[in-house]
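Working notes for the structure below.
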Amino acid sequence: MTDYKNPGLTLISSEVSPGAIRWRSPSNIALVKYWGKHGVQLPRNPSVSFTLDGAATDTTLSYKARELAGEGVEVELYLDGELNKGFTERTKLFLEKLLPVYPFLKQLSLKIKTSNSFPHSAGIASSASGMSALALCLVSLEEELFEPLKERSEFNKKASYLARLGSGSACRSVYGGAAVWGALTALEGSSDEFAVPVSESLHTVFQDYHDDILLISKSEKSVSSRAGHGLMEGNPYATARYAQATRRTDEMLSVLRQGNVERFGEILESEALTLHALMMSSHPPYILIRPNTLTVIEKIHQYRADTGLPLYFTLDAGPNLHLLYPHSIAAEVKKFIREQLLYFCEDKMYLADRVGKGPERLEVSE
Ligand code: 2P0
């Protein structure tokens, strides 16, 4: 077990000068899905994801010594420049959970300014990029107030660990390329407590893979991911699913090394459909895909049969489709999207994204 508890990390308030830290973290798309958790945000099975490039959260964490000491954490969160009560409350609870690791957080007054690169209403979850950006700001804050961590890998591991406590999938966003979260016998250093990078073994074809996100519906989901994970506890297929996901993460890692885009696509699509089948077989059952999700899936299958091109889809916990394909076929695929798929998207919108290099620390702007 990793134990980051450190009661010694406290400050002499009169010595703290105000400051600010800014990180931009991308979102990620799971290739093999995390679905089901236990304990303190521990996954029931390993998962592997591509880190995206364009879909990201930009977060600035400002801090100063707190005037009056209190028990909880003093924080305000501004989303796109406006104080957001819901996110402030969620962030406060998250930071309070971190007090055993960072007791100094209650000696500070914190202001978080955050914005997403994708529109609010796009129906894309921002918890992965948001919690990853915040966790990176916190580890940088630790370094600024105390000592630098010895290695870059230690920094990332701690950020991934903290991000996981905010939102499971966020722990994979800390790394560029691809990341694995969950202990796998064949992957040294892998853990249920944080994600590890696997980008070094990524075949060149996957290094700039495309992920175009088709916005089928922007409505709020009827069942949250948190509730969905919870329902896995009573799902009759859960045990078989966790074993399958473990095997598939192993196989996906070989596929990512070898550059086999067809096998990649087969696993990818089966993972998407399995995820939604798990939702439909939960008690109570629920359905997050929409009729247009199925229409587009059929069109993608037909396109593949007609052209032989390796265009495959995946789904998150919602109705929107992610279309994954190699850069070499980008021109044809974009034409197909424009001419045949956009009609089925709400507001005829899609977001063009691709595999990215991971989070970046940015200069603080006033
Ligand atoms: C994943 N998803 O692996 C899976 C597949 C969505 C579909 O993890 O409760 O927001 O914060 O740990 O990470 C979405 O759930 O859930 C998710 P919490 P999270 O990306």
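One is the number of the first residue; the rest follow in order along the sequence. Counting starts at 1 for both ligands and their atoms, in listed order.
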Can I get a per-line list of side-chain donor-acceptor pairs under 3.5 Å for residues 280-289, giving both atom names and the distance, sequence neighbours left out?
| from | atom 1 | to | atom 2 | distance (Å) |
| --- | --- | --- | --- | --- |
| Ser281 | OG | Asn235 | ND2 | 3.3 |
| Ser281 | OG | Ala277 | O | 2.8 |
| Ser281 | OG | Leu278 | O | 3.3 |
| Ser282 | OG | Leu278 | O | 2.8 |

Original post:
Would you call Arg263 and Glu251 a salt bridge, using N to O less than 4.0 angstrom?
Top reply: yes
Contact table, ligand 1 N/O with protein N/O, distance under 3.5 Å:
| from | atom 1 | to | atom 2 | distance (Å) |
| --- | --- | --- | --- | --- |
| ligand 1 | 3 (O) | Tyr34 | N | 2.9 |
| ligand 1 | 3 (O) | Arg172 | NH1 | 3.0 |
| ligand 1 | 3 (O) | Arg172 | NH2 | 3.3 |
| ligand 1 | 9 (O) | Lys37 | NZ | 2.7 |
| ligand 1 | 10 (O) | Ser127 | OG | 3.4 |
| ligand 1 | 10 (O) | Ser167 | OG | 3.2 |
| ligand 1 | 11 (O) | Ser167 | OG | 2.8 |
| ligand 1 | 12 (O) | Tyr34 | OH | 2.8 |
| ligand 1 | 12 (O) | Gly168 | N | 2.8 |
| ligand 1 | 13 (O) | Ser167 | OG | 3.3 |
| ligand 1 | 13 (O) | Ser169 | N | 2.9 |
| ligand 1 | 13 (O) | Ser169 | OG | 2.7 |
| ligand 1 | 15 (O) | His229 | NE2 | 3.3 |
| ligand 1 | 16 (O) | His229 | NE2 | 3.3 |
| ligand 1 | 20 (O) | Arg172 | NH2 | 2.8 |

**OP:** Please work out which of the three classes, parallel, tilted or perpendicular, describes the rings of Phe206 and Phe50, given edges at 30° and 60°.
**Re:** tilted
**OP:** Side-chain contact test, heavy atoms from C-beta onward, threshold under 4.5 Å: evaluate it for Ile329 versus Thr307 and give yes or no.
**Re:** no
Counting only pairs under 3.5 Å, give me each side-chain donor-acceptor contact of residues 170-178, with atom names and distances, residues two or more places apart or in other chains.
| from | atom 1 | to | atom 2 | distance (Å) |
| --- | --- | --- | --- | --- |
| Arg172 | NE | Asn28 | OD1 | 3.2 |
| Arg172 | NE | Ser49 | OG | 3.0 |
| Arg172 | NH1 | Ser47 | OG | 2.8 |
| Arg172 | NH2 | Asn28 | OD1 | 2.8 |
| Ser173 | OG | Pro26 | O | 2.9 |
| Ser173 | OG | Asn28 | ND2 | 2.9 |
| Tyr175 | OH | Ala195 | O | 3.0 |

Can I get a per-line list of side-chain donor-acceptor pairs under 3.5 Å for residues 104-114, giving both atom names and the distance, sequence neighbours left out?
| from | atom 1 | to | atom 2 | distance (Å) |
| --- | --- | --- | --- | --- |
| Gln107 | OE1 | Leu11 | N | 2.7 |
| Gln107 | NE2 | Leu11 | O | 2.9 |
| Ser109 | OG | Glu74 | OE2 | 2.8 |
| Thr114 | OG1 | Thr59 | OG1 | 2.9 |

